[in-house]
Amino acid sequence: MSFLIDSSIMITSQILFFGFGWLFFMRQLFKDYEIRQYVVQVIFSVTFAFSCTMFELIIFEILGVLNSSSRYFHWKMNLCVILLILVFMVPFYIGYFIVSNIRLLHKQRLLFSCLLWLTFMYFFWKLGDPFPILSPKHEQLISRVGVIGVTLMALLSGFGAVNCPYTYMSYFLRNVTDTDILALERRLLQTMDMIISKKKRMAMARRTMFQKGEVHNKPSGFWGMIKSVTTSASGSENLTLIQQEVDALEELSRQLFLETADLYATKERIEYSKTFKGKYFNFLGYFFSIYCVWKIFMATINIVFDRVGKTDPVTRGIEITVNYLGIQFDVKFWSQHISFILVGIIIVTSIRGLLITLTKFFYAISSSKSSNVIVLLLAQIMGMYFVSSVLLIRMSMPLEYRTIITEVLGELQFNFYHRWFDVIFLVSALSSILFLYLAHKQAPEKQMAP
Amino acid sequence: MASLDRVKVLVLGDSGVGKSSLVHLLCQNQVLGNPSWTVGCSVDVRVHDYKEGTPEEKTYYIELWDVGGSVGSASSVKSTRAVFYNSVNGIIFVHDLTNKKSSQNLRRWSLEALNRDLVPTGVLVTNGDYDQEQFADNQIPLLVIGTKLDQIHETKRHEVLTRTAFLAEDFNPEEINLDCTNPRYLAAGSSNAVKLSRFFDKIPGFPDRKRFGAGTLKSLHYD
């Protein structure tokens, strides 16, 4: 009986999450495109719904809501469904939509998408070889999905940790004046004018060639033939020369356009930094940069000294307060609530952060042809990201709550994942620092060039 | 061959509707083989015979400015684009017949291009509201072109072709629907080619502008 009640609660929450994913897709991601293939929207919302359900189950675990056996059952079921989606459905549909875009293969779409899916499975399986993965059960799938997801998480976190202070702090803003922008705009318009005058010459030359060509179609004798050869040869040679000049000028105009857009963006950021909100973010930026340096330091220590933290922050915090500060309180009660709050914050910020990043990414790279494929790729990334969040969140929870995750996910080398996360995080953070440094250095030099 | 003061026509529309293919077709009478994303603005020149077939026939250059990007771009990109909207003589709005959103976005494109003069600062600020009165004294001739006609099935054509009816209330633009990969849509003598010529002829800047005027209070004198 209680199982039925629990299941109905779970199903209601899943429908809610599905609705949220649907709305997000329609309002945010696809607001400039027409949704022609509803399959894509359904898949995205389903992936989102099942990922959120996993987080919900963790919260229920901490709070002790619902019957323990029904929780276990739902965990197992959820995991199976999500693996099914991430390994079978989404890759298949990605292949299908890629193939649909190519006109030649239109007739045998299904065949080619199956082929693509088989190639994906092959590489997916090969991925597991260099990593320590033990038992030949369904853990094989989870471990591979976990590896990919953890790599993604670490890359994003490393880049985010460095980029966040860089964008928030106004120390890094270059000084841009209105005269700079006007000068650049003038250069842009001058370049456009030069392109136009060359194209006018080309158009007129083509027109005269066309008209003369008509005249010369009539047989006009020996001299006529010689004349036509020389004139048309020089005419087309001229055209190719001018065309090359035009190509170079067009490339220049593109560069100037991008630089001007960059200057406008910097100018807006400067104005924003003078507002109250801007100052607040600037302050946060200093705070985050210290946090980022600390995280890099901790990651290095973890790798060098080959240790993985055994206790979670909640228990350690409570230990410190009890032992060093001598404050007595009901440990069990407080540890439950604090870990709930902590885990809740982690979950909410990671979901929100991921959705915002995905939206930005989608706007930047999608076009009307590739929007379906890109959304499915994003759904795949989102699913893998959330699965590995579950793996890693285990470390932030006190021991008594970790058991369910260990039970459900089986014999996984959790320590390996944490170590792997640290390595990739370090690599990603250091390369982002290098990349941002180079980009920052290069920009003012471009402006000073005549 | 007279080279007049510039005759500048903007080609606006969402990303991926086929503006570059269209401009290539109009200017070089050839189909564009490898269309790629337009960054910034690409210009091409069309040689136009003003009043073709009459004794007053003259040849002019018409510059077609194909501005890339989407309506939802960052405001820094919009401010940069605004530099191209100076002293425009005509506008061609392009939308994709297979994509409803691109026709709806034409409204926002017209706001961006035509309201430019109302903003004193360099930064574009629009709240997206559509105020019909702002277009009352617009004298710039407009043309709406729908692309990818070949991908619309015969039975759905009627529904699709009435999509841009909302623009008629404010602008009364001419409309052409075609497929940019097929030059026969603009073959000489076809109704599309005639509409196109008529549109270009309406552009102020040619002599005796008053004859083609839209009956507004302002009138330009070109003597």
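What you see is a predicted model; the values in this text were computed from it and never measured. Residue numbers begin at 1 in each chain, while the letters A, B, ... track the order of the sequences.
Taking both residues in full, the closest heavy atoms of B/Ser76 and A/Ala261 are given as CB-O, 3.5 Å, listed atom of the first, atom of the second, then distance. Heavy-atom minimum distance, A/Lys199 versus B/Val43: NZ-O, 3.0 Å.
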Apply the test side-chain contact (heavy atoms from CB on, under 4.5 Å) to residues B/Lys78 and A/Tyr264: give CA-CA distance (whole Å), side-chain angles for both, the deciding distance (0.1 Å), then the verdict. CA-CA 9 Å; B/Lys78 284 191 181 169; A/Tyr264 268 115; over 6 Å; no
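Using a 4.5 Å cut-off between heavy atoms, A/Ile196 touches chain B through backbone and side chain atoms alike. Using a 4.5 Å cut-off between heavy atoms, B/Cys27 touches chain A through its backbone atoms (N, CA, C, O) alone. Looking at A/Leu188, only its side chain comes within 4.5 Å of chain B, counting heavy atoms on both sides. For chain B, the nearby part of A/Leu258 is the side chain; its heavy atoms alone come within less than 4.5 Å.
Annotation for A/Phe25: atom CZ counts as buried by contact number, over 12 foreign heavy atoms lying within 6.0 Å. Counted within 6.0 Å of OH on A/Tyr272, heavy atoms from surrounding residues, nucleotides or ligands total more than 12; the atom is thus considered enclosed.
Rounding to the nearest 0.5 angstrom, the gap separating the CD atom in A/Glu250 from the OG atom in B/Ser42 is 6.0 Å. With rounding to the nearest 0.5 Å, the separation of CD in B/Glu63 from CD1 in A/Ile195 is 11.5 Å. Within the model, atoms OG1 of B/Thr80 and CD of A/Glu259 stand 11.5 Å from one another, a figure rounded to the nearest 0.5 Å. Atom-to-atom distance recorded for B/Ser79:OG and A/Lys267:NZ is 8.0 Å, nearest 0.5 angstrom. Note that CD1 of B/Ile62 and NZ of A/Lys200 are 11.0 Å apart. Values are rounded to the nearest 0.5 Å. Interatomic distance, CG of A/Leu256 versus SG of B/Cys41, reported as 12.5 Å (0.5 Å rounding).
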